[in-house]
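The block underneath contains the structure these notes are about, expressed in structure tokens.
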Amino acid sequence: MTRSDKTAFSTSLLEWYDRHARQLPWRISPAASRAGVRPDPYRVWLSEIMLQQTTVATVTPRFAAFVQRWDGFPALAEAPLEEVLGEWAGLGYYSRARNLHACAKVVTRLHDGQLPASESALKDLPGIGPYTAAAIAAIAFDRRAVVVDGNVERIMVRQAAIERPIKEAKAAIYALAAEVVPDRRGGDYAQALMDLGATICRPRRPDCLLCPVRSSCRAHALGLEAQLPVKPPKKKRPTRRGIIYVGIGPRGCVLSETRPAKGLFGGMRGLPGSAWTEEGGDEEGAPFEADWQCAGRISHTLTHFHLELDVKWAPTEGAPAPFFWTPIAEHGAFPTLFRKAAVAALSAAGEL
DNA sequence: AAGTCGGGGAC
DNA sequence: GTCCCAGACTT
């Protein structure tokens, strides 16, 4: 990119954003931003954590429910972790919720309830890494920041027609992103990049005809926009198998447990069962001796493996420690995998 | 540098 | 079915 291209990039992008900005619940309009208004840092922070590896469509309703329940750092800091995890259930990557709660406590206790505005102070908070620190500094506090997420990587790779895999070109991508950041309107610029990546410079079928920065785009000039970024070879997921046991009590209550605080589904409500292994066939893990009946099999795909779990159920009288009852009305507190298993068991038992 | 850590929407 | 998303954290 030439020197004039660098200026033109941010100028064109900001002009486009002024006309086409998406309206999102955690955003203020570009007009308000230009008038000096800033969004609520709590909402910016919450949205950024929720949006980590999660789509806007998924986040939008969950964001609304969350801020309705806890409207600021002090309220969230006072909430029991268990309730925060329950509100997060179904969103995945549950360490985000644990770190979210820890972060709210730190902000309330050590920062007087105010989110710090500097990128370095933000990055020291739980759950806030390089991207999120830059994004919050820019969006909530209008700082100049080099915001690099998946969208920005894709945009920069196409602008410069970088033909190496993203993983190998991180430094060059960051350098280019840093070169084109404007000195003003840090928040609008960061969000403009997100909108461009989501609606124009999409992973598949980029809409170059509508792109405000196509004149500086090398990939478009070379007709390579659909081939870039080059994808790394995909590795296949192994399948692990196991058994989930659903004890069914009065009124369709299911026998539940709290999972270990860290690791897969850490701290979340779950259902007892065998270990999940590639061999499978392990009959251990039942919460008690009973004539367990088959309720079918559920499939669930996680990041690193695919699960095939046999669901078994049995009528259950009491809840032996450390187990406890989860009524149907609280199925929303289960991660999706366990909610699937509970539904399968209750269906087989005629409780649904 | 490589693994761990979920789920769903879009195709 | 595949892709990939406003990544962080651990080893």
Side-chain angles (χ1 to χ4, degrees), chain A residues 22 24-27 39 43-63 85 88-100 102-103 122-140 145-155 165-168 170-171 177 187 189-199 201-205 226 229-240 259-268 270 276 298-307 332 334-340:
Chain A
R22 290 178 295 171
L24 300 171
W26 45 88
R27 265 191 192 175
R43 293 185 171 225
V44 173
W45 164 73
L46 176 62
S47 70
E48 288 299 339
I49 303 299
M50 280 193 172
L51 286 162
Q52 288 168 3
Q53 297 294 287
T54 309
T55 59
V56 167
T58 298
V59 165
T60 298
R62 305 301 300 267
F63 176 85
L85 292 174
W88 201 271
L91 269 176
Y93 287 145
Y94 297 102
S95 64
R96 291 186 296 172
R98 302 195 298 271
N99 287 329
L100 187 86
C103 184
L122 285 163
K123 198 187 165 318
D124 287 337
L125 292 167
I128 299 183
Y131 161 74
T132 303
I136 294 174
I139 297 169
V146 182
V147 176
V148 181
D149 73 329
N151 288 305
V152 177
E153 288 179 340
R154 183 172 60 256
I155 291 166
I166 285 177
K167 184 166 292 186
E168 298 176 16
K170 292 275 186 186
Y189 176 74
Q191 293 173 102
L193 284 169
M194 304 305 148
D195 281 13
L196 187 74
T199 66
C201 199
R202 300 171 298 211
R204 286 174 293 198
R205 300 192 323 104
V230 299
K231 285 171 277 188
K234 57 185 173 188
K235 44 197 164 185
K236 43 183 157 187
R237 277 185 259 257
T239 295
R240 297 184 190 174
R259 296 184 55 87
K262 295 181 180 178
L264 193 57
F265 305 116
M268 297 297 292
W276 303 335
I298 60 169
S299 297
H300 195 75
T301 301
L302 295 91
T303 306
H304 300 296
F305 58 93
H306 180 76
L307 268 176
F334 283 122
T336 300
L337 164 65
F338 296 109
R339 187 166 48 74
K340 283 184 187 174

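Both backbone and side-chain heavy atoms feed into the values below; hydrogens, waters and symmetry mates do not.
Taking atom CZ of residue R98(A) and atom P of nucleotide dC5(B), one finds them 10 Å apart after rounding to whole Å. The interatomic distance linking D149(A) (CG) with dA8(C) (C1') rounds to 14 Å, in whole Å. Counting to the nearest Å, the P atom of dA8(C) and the CG atom of D124(A) are 13 Å from each other. In this structure, Q52(A) atom CD and dG7(C) atom P are separated by 7 Å, rounded to whole Å. In this entry the distance linking CG of L46(A) with P of dG7(C) reads 15 Å, nearest Å. Rounding to whole angstrom units, CG of residue N151(A) and P of dC5(C) are separated by 7 Å. One interatomic measurement links the two molecules: CZ of R154(A) to C1' of dC4(C), which rounds to 9 Å at whole-angstrom precision. Rounded to a whole Å, the CZ atom of F305(A) is 15 Å from the P atom of dG3(B).
Rounded to the nearest Å, the gap between the P atom of dT11(C) and that of dG6(B) is 16 Å. Taking the C1' atoms as reference points, dA8(C) lies 23 Å from dG9(B), given to the whole Å. dC5(B) and dC5(C) are spaced 15 Å apart, taking the C1' atom of each and rounding to whole Å. Between dG8(B) and dC9(C), the two C1' atoms lie 23 Å apart (nearest whole Å).
Counting any heavy atom pair closer than 4.0 Å across all strands shown, W45(A) reaches no nucleic acid atom. G197(A) comes within 4.0 angstrom of no nucleic acid atom, judged by non-hydrogen atoms across all strands. Contact annotation for L196(A): no contact, since no heavy-atom pair falls under 4.0 Å across all strands. Looking at heavy-atom distances under 4.0 Å, S47(A) makes no contact with the nucleic acid at all. Using a 4.0 Å heavy-atom distance criterion, V147(A) is classed as making no nucleic acid contact.
Phosphate contact (OP1/OP2 of dC5(C), side-chain N/O of R202(A), threshold under 4.0 Å): absent. Listed pair K167(A) / dA1(B) fails the phosphate criterion, with no side-chain N or O lying under 4.0 Å from OP1 or OP2.
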So which protein nitrogen or oxygen atoms get under 3.5 Å of nucleotides 7-11 of chain B's nitrogens or oxygens?
unit_1, atom_1, unit_2, atom_2, d
dG7(B), OP1, Y94(A), OH, 2.9
dG7(B), OP1, T336(A), N, 2.8
dG7(B), OP2, H300(A), NE2, 2.5
dG7(B), O3', G90(A), O, 3.4
dG7(B), O3', T336(A), OG1, 3.4

Produce the list of close N/O pairs, under 3.5 Å, pairing protein atoms with atoms of nucleotides 9-11 of chain C; give distances to one decimal.
unit_1, atom_1, unit_2, atom_2, d
dC9(C), OP1, G127(A), N, 2.5

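A heavy-atom distance below 4.5 Å is found between the side chains of L100(A) and W88(A). You'll find the side chain of L337(A) reaches within 4.5 Å of the side chain of I298(A), heavy atoms only. In this structure, L46(A) and R43(A) have side chains that are not in contact, with every pair of non-hydrogen atoms separated by 4.5 Å or more. Residues V147(A) and Y189(A) fail the side-chain proximity criterion, which asks for heavy atoms closer than 4.5 Å. For the pair W26(A)/V59(A), a side-chain contact is recorded, criterion being any heavy-atom separation below 4.5 Å from C-beta on. Taking 4.5 Å as the limit, some side-chain heavy atom of L302(A) sits within range of a side-chain heavy atom of L307(A).
Checked against dA8(C), dG6(B), dG3(B), the side chain of K235(A) finds its nearest nucleotide in dG3(B). Considering only side-chain atoms of R96(A), the nucleotide from dG6(B), dC5(B), dA6(C) that sits closest is dG6(B).
Q191(A) and R27(A) are linked by a side-chain donor-acceptor pair at a separation below 3.5 angstrom, with hydrogens and angles left out of the test. Using modelled atom types and a 3.5 Å distance limit, the side chains of T54(A) and R96(A) yield a donor-acceptor pair. Side-chain contact, T239(A) with H306(A): no donor N or O sits under 3.5 Å from an acceptor N or O.
Enclosure of atom CZ in R154(A) by more than 12 non-hydrogen atoms of other residues, nucleotides or ligands within 6.0 angstrom is indicated.
For the pair R259(A) and F265(A), the NZ or CZ position fails the cation-pi test of under 6.0 Å to the six-membered ring centre and within 45 degrees of the ring normal.
Looking at which nucleotide of DNA chain C each of L51(A) and H306(A) is closest to, the 5′-most match is held by H306(A).
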